[in-house]
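Here is the structure we will look at.
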Amino acid sequence: IYYLHYRNSDSPTTQPTIVEILIDRELDCPTQPNIIAIVAGVIGGILAVGILLLILWKIYTTIIDKREYTKFLEERSKAKWNTGLSPLYKEPMTKYTNPLYTAASSRI
């Protein structure tokens with residue numbers, strides 16, 4: 001046990017105050033933190049948040065795609081042209097007949 005005497009510097013006439021200080025002779029150091037557990041926890045947390053964000057993004061895009069697809073089906077059902085053929089489609093092959101060639105072949 002150590003005793004410490006001190007006086008208040010504002011009033012030097014007061015009696016000194018005695019403070020009792022207890023000092024342990026044995027050092028009590030805390031244990032070292034587990035670095036591997038901390039690093040693994042941080043990496044696992046980042047991965048978990050990333051996977052959660054990917055799942056939320058996938059759900060969001062699926063909902064938006066379903067809305068757009070139903071809108072497309074509604075617009076397709078309201079179409080006034082023949083739904084079997086597109087009005088913009090043209091056959092890639094065209095058959096032409098040369099009238100002079102057919103006339104010449106018939107003369108021979």
Side-chain angles (χ1 to χ4, degrees):
I1 295 177
Y2 293 96
Y3 293 102
L4 174 67
H5 299 277
Y6 76 93
R7 286 195 181 161
N8 191 351
S9 62
D10 293 337
S11 60
T13 59
T14 60
Q15 291 292 329
T17 306
I18 298 175
V19 176
E20 185 176 323
I21 300 175
L22 297 174
I23 299 176
D24 250 348
R25 297 258 180 217
E26 296 177 19
L27 296 177
D28 187 21
C29 296
T31 60
Q32 294 291 327
N34 190 351
I35 301 297
I36 294 174
I38 293 171
V39 170
V42 169
I43 291 173
I46 291 171
L47 285 175
V49 169
I51 290 171
L52 179 68
L53 288 175
L54 284 174
I55 290 171
L56 290 175
W57 174 74
K58 182 63 179 171
I59 291 170
Y60 174 75
T61 55
T62 302
I63 291 170
I64 296 299
D65 287 346
K66 283 183 181 181
R67 286 181 188 168
E68 289 178 3
Y69 184 67
T70 55
K71 185 178 176 183
F72 166 74
L73 291 177
E74 288 174 4
E75 289 177 1
R76 191 174 75 173
S77 67
K78 293 178 185 177
K80 295 182 181 179
W81 66 83
N82 184 3
T83 56
L85 295 174
S86 172
L88 302 176
Y89 178 74
K90 291 185 179 181
E91 287 286 333
M93 297 180 64
T94 308
K95 184 176 180 181
Y96 292 101
T97 56
N98 187 348
L100 296 176
Y101 178 75
T102 56
S105 64
S106 63
R107 281 191 247 161
I108 297 179

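Every value quoted in this text rests on a predicted model; they were computed, and no experiment measured them.
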Under 4.5 Å side-chain heavy-atom separation, chaining through any Ile, Leu, Val, Met, Phe, Trp or Tyr, what else clusters with L52? Say none if it is isolated.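 Traced through the cluster, L52 reaches L56.
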
Should side-chain heavy atoms under 4.5 Å link Ile, Leu, Val, Met, Phe, Trp and Tyr, which residues sit in the same cluster as I64?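 Answer for I64: Y60.
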
By side-chain contact (heavy atoms from CB on, under 4.5 Å) - contacts of [X] (at least two apart):
X: L53; answer: V49
X: N34; answer: I36, A37
X: Y69; answer: F72, L73
X: V39; answer: I35, I43

Enter the distance from E75:CD to E68:CD here, rounded to the nearest 0.5 Å.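 Here the interatomic distance stands at 10.5 Å.
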
Do you reckon I55 sits in the same ILVMFWY cluster as I63, going by side-chain contacts under 4.5 Å, direct or chained? yes

Check whether any side-chain heavy atom of K58 sits under 4.5 Å from a side-chain heavy atom of L54, and report yes or no. no

